[in-house]
Amino acid sequence: MSTIDFDDVSHAFGERMVLRGIRLHLTEQRIGIVGANGSGKSTLVRLINGLIKPDRGTVTVDGLDVARNAKAVRRQVGFIFTNPDNQIVMPTVAEDVAFTLRRRGLTPIQIATRTQAALERFGLDQHADHPAHRLSGGQKQLLALAAVLVAEPAIVVADEPTTLLDARNSRRITELLLGLSQQVVVVTHQLDLLADFDRVIVIEDGQVVADDSPAAALSAYRGLLA
Amino acid sequence: MSTIDFDDVSHAFGERMVLRGIRLHLTEQRIGIVGANGSGKSTLVRLINGLIKPDRGTVTVDGLDVARNAKAVRRQVGFIFTNPDNQIVMPTVAEDVAFTLRRRGLTPIQIATRTQAALERFGLDQHADHPAHRLSGGQKQLLALAAVLVAEPAIVVADEPTTLLDARNSRRITELLLGLSQQVVVVTHQLDLLADFDRVIVIEDGQVVADDSPAAALSAYRGLLA
Amino acid sequence: MIGLYSPGHSLVHRAPMLLKLVLLSFAVLGVGLLGELWQLSLCLFAVAALFLVARIPLGAAWKQIGPILWILVVAVPLQALFAGWATAGLMAGRLLIAVALAALFTLTTTVTAVLEGSQKLLRPLRRWVDADRVGLLLALTLRCIPLVAEIVTEVIEARRARGTQGSLLALAVPVVVRSLYAADAIGEALAARGLDD
Amino acid sequence: MTASTRLARTPAPRTLSVRDLAQIAIFAALIAALGLPGALSIGAVAVPITFQTLGVMLAGAVLGARKGFFAVLLLLSLVAAGLPLLSGGRGGIVWFTTSPSAGYLYGWLLGVLVIGYLTSLLLPRYRLWAALGATALGGIVVVYLVGVPVTAINLGLPIWVALVDSAKFLPGDLVKVVVTVLVARQVHKAYPGLIPSRRRAEGTATTGAVTTAS
Ligand SMILES: Nc1ncnc2c1ncn2[C@@H]1O[C@H](COP(=O)(O)OP(=O)(O)OP(=O)(O)O)[C@@H](O)[C@H]1O
Ligand SMILES: Nc1ncnc2c1ncn2[C@@H]1O[C@H](COP(=O)(O)OP(=O)(O)OP(=O)(O)O)[C@@H](O)[C@H]1O
Ligand SMILES: O=C(O)CCCC[C@@H]1SC[C@@H]2NC(=O)N[C@@H]21
Ligand SMILES: [Mg+2]
Ligand SMILES: [Mg+2]
């Protein structure tokens with residue numbers, strides 16, 4: 001597994017302090033993050049691949065400072081957004097998956113082979129030439145996963161990846177995430193999803209207020225909500 | 001309450017049959033619709049105000065054939081979409097609400113009065129002249145509700161109106177919908193929201209597979225998923 | 001809808017939009033017919049007086065007229081080279097007056113007034129043009145500008161997250177495609193709110 | 001979906017649907033947004049180099065002649081009304097009358113029509129070289145044809161001076177033509193059925209593509 005380190009990280013949007021002095025040392029395989037709306041979860045995970053640069057402190061992935069080596073880090077960290085529509089960047093399903101592999105010094109044949117393999121793995125090979133935006137919601141989220149995993153990142157970060165899905169698709173995506181051999185960081189409001197995780201972190205008002213096994217962290221979180 | 005009737009309605013997109021022989025007679029005040037991604041829920045509710053015309057069969061609202069009298073029916077049926085961004089059509093908050101009242105033979109003063117009243121009802125009067133796109137997600141969905149309800153429709157149809165909102169905003173919109181005196185038809189994946197509904201319909205693969213009280217319908221739906 | 005309007009209550013501000021537009025067109029035409037430098041100078045004074053009457057702040061006026069002065073700095077010598085200084089001076093004077101008058105119109109007329117005025121102008125054409133729809137389109141465009149800006153931001157973020165900055169092409173394609181799908185959704189919302197096909 | 005299927009078979013309907021209206025509005029907005037990075041003025045004659053020409057070409061190549069024309073007209077109307085939507089935050093009627101760049105704005109209207117019409121002849125195949133030719137013809141030749149003489153008239157310069165000066169736009173505009181064609185090609189793949197093809201024989205091919213997409 002990789003190591004993700006937050007060293008006294010603070011961040012503000014304008015006047016508003018969103019994260020305050022976060023210190024985390026993440027080495028477990030499956031890490032869950034929960035917390036109320038606006039507590040700072042999305043900001044926290046966006047820091048991991050440099051979509052946001054911290055105002056103070058440093059975030060490192062395997063010793064690499066994210067703010068300074070964003071490009072290198074992003075090859076290690078795949079990111080899944082809540083809304084799959086936002087992450088589709090190419091017109092058709094296959095092209096969108098292949099897009100991730102650009103500029104990695106692969107031959108066109110290697111790109112085609114790996115794209116095809118990724119599509120098969122997620123049951124999308126039937127739709128390779130389909131306009132990506134016309135897939136169903138669940139299929140779009142599968143496409144997002146395929147497009148991220150085709151590059152074989154060491155870490156997969158997902159920010160509420162099942163919010164838009166029905167119960168069946170939501171379970172499917174969850175199982176896929178749990179089945180990955182990579183290190184996985186998932187933000188979610190669906191607490192039952194986290195039962196098998198190795199570590200759960202509870203964020204409240206920009207600070208870590210619990211950091212424990214799922215059972216302990218979730219009961220702390222439920223206490224907070226009550 | 002109004003009466004919504006589906007008489008043997010079928011619909012296909014291209015080759016794909018999306019609804020098959022739907023028969024429904026809806027007279028209850030609060031009607032919930034659930035089902036998997038792609039099962040045909042959105043197609044079903046879009047038929048109610050003629051956004052889609054059925055390939056076969058007829059949909060009537062209070063006896064009016066929707067396909068033939070779409071214009072008259074749309075005055076009776078207000079529609080709330082999932083994505084609040086896409087249903088705001090005017091630059092400022094007040095203008096967007098007023099837009100619904102165009103071509104209704106009202107005087108400018110009547111329009112202004114009713115717009116103002118609707119904005120107050122949804123706590124948006126402070127923002128009347130603000131650019132609508134600067135509102136938060138929850139406020140945008142409130143604006144969508146205000147813009148629909150200002151016309152005093154007899155029926156309000158909402159297709160997953162809270163999916164893109166966070167938990168707090170989602171609760172607020174849900175409570176508002178439940179508090180309406182109108183007939184309300186809501187599509188949702190959040191099953192807990194439906195507890196107080198009068199009737200819940202489960203759609204699977206374009207057909208009604210359960211149609212019952214919330215408790216009975218939802219347990220049928222959970223059975224389907226398992 | 002603020003646009004470039006410079007708020008005020010002067011005579012120039014209150015004059016009806018269509019009247020201002022007609023006067024502007026005649027003035028520009030008329031100035032084009034003047035052949036003597038002294039006539040143009042007089043006109044220039046008249047225009048300056050109008051700016052004073054309308055109490056246009058110096059900064060706002062400069063923002064509109066400044067650019068044309070730069071153009072003149074380059075164009076007048078060039079023209080003098082081809083046609084002599086007298087012609088160059090005439091050309092410069094006419095241009096300056098026309099630009100200043102047009103700027104005055106823009107600065108003293110709200111966008112809403114212009115749009116309402118043009119809807120009135122379109123009324124005689126109602127057999128071919130639906131003035132109401134034109135108004136709708138104009139407002140819809142203003143609504144869509146921030147929407148497009150938002151789409152651009154989201155696409156840039158998505159590309160960044162996938163570690164590929166890509167070319168201009170890889171930005172333009174998703175922006176255009178997502179804009180089109182957003183247009184579909186907006187079209188549907190318009191229909192649902194009673195704008196029939 | 002059904003609407004575009006119908007479009008592919010029958011000649012374009014007389015009135016615009018609400019979806020057409022929304023497409024027109026969002027493209028006008030897109031051209032406006034392309035003005036945000038600002039404008040570059042170089043050379044003797046102050047006509048700016050701007051990204052907005054890319055938007056104009058795209059409007060023709062993606063939406064076709066009719067909708068593309070309306071998108072450009074819409075943007076220009078808002079500019080004329082006084083909104084600062086031209087590159088560099090400019091607006092007002094000055095830019096349509098005495099400005100040295102006024103002619104180019106009218107040229108946009110004509111250019112988008114030409115690109116849109118020629119594109120509808122090319123679709124559904126959209127062959128690369130033909131598309132490049134069509135876009136360059138409408139987006140460069142036609143636009144300059146109107147723009148250059150107006151620059152000359154408004155500045156009182158001989159036409160050849162304005163023409164020589166307009167050469168500074170060529171490199172940028174050629175890049176825009178290429179980008180337009182590559183983007184349009186992808187867009188027609190991602191969103192089939194945007195422009196009704198004027199080819200009878202291949203009209204059915206469009207319909208097929210549309211149906212499989214659903
Ligand atoms: N780009 C931004 N500009 C300004 N404020 C922002 C921005 N992004 C987030 N915020 C603010 O920062 C705070 C934390 O936001 P964040 O998205 O991290 O919360 P979250 O825990 O992910 O919430 P949610 O559960 O709703 O997704 C919120 O108050 C939010 O309004
Ligand atoms: N405009 C369209 N063109 C082609 N196919 C469509 C169109 N709209 C929907 N479909 C297809 O019809 C089927 C039913 O779609 P519908 O949107 O009604 O499902 P849904 O139950 O609302 O799903 P979700 O929960 O994901 O919103 C899906 O397979 C979808 O891909
Ligand atoms: O913004 C304006 O005032 C009008 C700009 C016209 C610019 C013309 S269009 C063709 C050529 N290519 C450019 O990049 N600029 C000019
Ligand atoms: Mg979040
Ligand atoms: Mg749906």
Side-chain angles (χ1 to χ4, degrees), chain C residues 1 3-5 24 28 64 67-68 70-71 74-75 78-79 82-83 87-88 91 94-95 98-99 102-103 105-107 109-111 114-115 118 133 136-138 140-145 147-149 152 168-169 172-173 175-177 179-184 186-188 190-191 195-197, chain D residues 3 15-30 32-33 36 41 43-46 54 58 62 70-71 74-75 77-78 80-85 88-100 154-158 161 175 179-180 182-184 186-187 190-191 194:
Chain C
M1 280 193 271
L4 299 165
Y5 181 67
L24 171 69
V28 172
Q64 291 297 303
I68 206 72
W70 288 117
I71 294 173
V74 184
L78 238 144
Q79 228 228 329
F82 296 113
T87 319
M91 191 270 314
R94 283 186 199 131
L95 196 63
V99 167
F105 174 84
T106 304
L107 288 167
T109 319
T110 62
V111 173
V114 178
L115 299 185
S118 19
R133 281 201 163 199
L136 167 72
L137 261 178
L138 293 167
L140 200 55
T141 306
L142 295 180
R143 153 71 191 119
C144 285
I145 293 172
L147 191 67
V148 169
V152 172
L168 175 59
L169 200 64
V173 175
V175 167
V176 172
V177 171
S179 298
L180 287 169
Y181 282 104
D184 274 356
I186 292 171
E188 199 176 35
L190 283 172
L195 197 96
D196 27 285
D197 280 306
Chain D
T15 56
L16 294 160
S17 72
V18 277
R19 174 203 288 227
D20 294 338
L21 294 185
Q23 284 176 352
I24 290 166
I26 214 154
F27 257 76
L30 206 64
L36 292 179
S41 281
V45 180
L54 174 63
L58 274 172
V62 170
F70 283 128
L74 192 54
L75 174 87
S77 310
L78 286 168
L83 284 165
L85 300 180
R90 292 165 301 128
I93 40 182
V94 198
W95 307 103
F96 296 89
T97 51
T98 47
S99 151
N154 274 355
L155 289 177
L157 296 173
V161 176
V175 172
V179 170
T180 300
L182 295 179
V183 169
Q186 301 274 52
V187 169
Y191 194 127
L194 271 171

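Order of the sequence lines fixes the chain letters, A, B, ..., with proteins taken first and strands second; residue numbering starts at 1 for each chain.
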Minimum heavy-atom distance [X]-[Y], with the two atoms named:
X      : Y      : value
D:V94  : C:A103 : CG2-N, 3.9 Å
D:A32  : C:I145 : CB-CD1, 3.9 Å
D:A22  : C:L140 : CA-CD2, 4.2 Å
C:C144 : D:A25  : CB-O, 4.1 Å

side-chain hydrogen bond (donor to acceptor under 3.5 Å, both in side chains) partners of D:Q186, counting only residues at least two apart = D:K189
Who are the side-chain hydrogen bond (donor to acceptor under 3.5 Å, both in side chains) partners of C:T109, not counting sequence neighbours?
-> C:K20
Largest heavy-atom contact set with chain D, pairs under 4.5 Å, which of [options]:
options                       : result
C:L137, C:V28, C:L136         : C:L137
C:A98, C:A149, C:A172, C:S179 : C:S179
C:T87, C:L138, C:L190, C:I186 : C:L138

Side chain, backbone, both or neither: which part of [X] has a non-hydrogen atom closer than 4.5 Å to chain D?
X      : value
C:Q64  : side chain
C:L107 : neither
C:T141 : both
C:V152 : neither

With a 4.5 angstrom heavy-atom cut-off, which part of [X] approaches chain C: side chain, backbone, both or neither?
X     : result
D:F27 : side chain
D:A28 : both
D:L75 : neither
D:A33 : side chain

[X] [atom1] to [Y] [atom2] distance, which is reported to the nearest 0.5 Å:
X      : Y      : atom1 : atom2 : answer
C:D184 : D:R19  : CG    : CZ    : 4.0 Å
D:L78  : C:L142 : CG    : CG    : 5.5 Å
D:N154 : C:R94  : CG    : CZ    : 11.5 Å

Looking at D:V187, D:L74, D:V62, which makes the most heavy-atom pairs under 4.5 Å with chain C?
-> D:L74
Going through the checks in order, is the side-chain contact (heavy atoms from CB on, under 4.5 Å) test met by C:V175 and D:L30?
-> CA-CA 9 Å; C:V175 167; D:L30 206 64; 3.9 Å; yes
Donor-acceptor contact present, side-chain C:R133 to main-chain D:L21, <3.5 Å = no
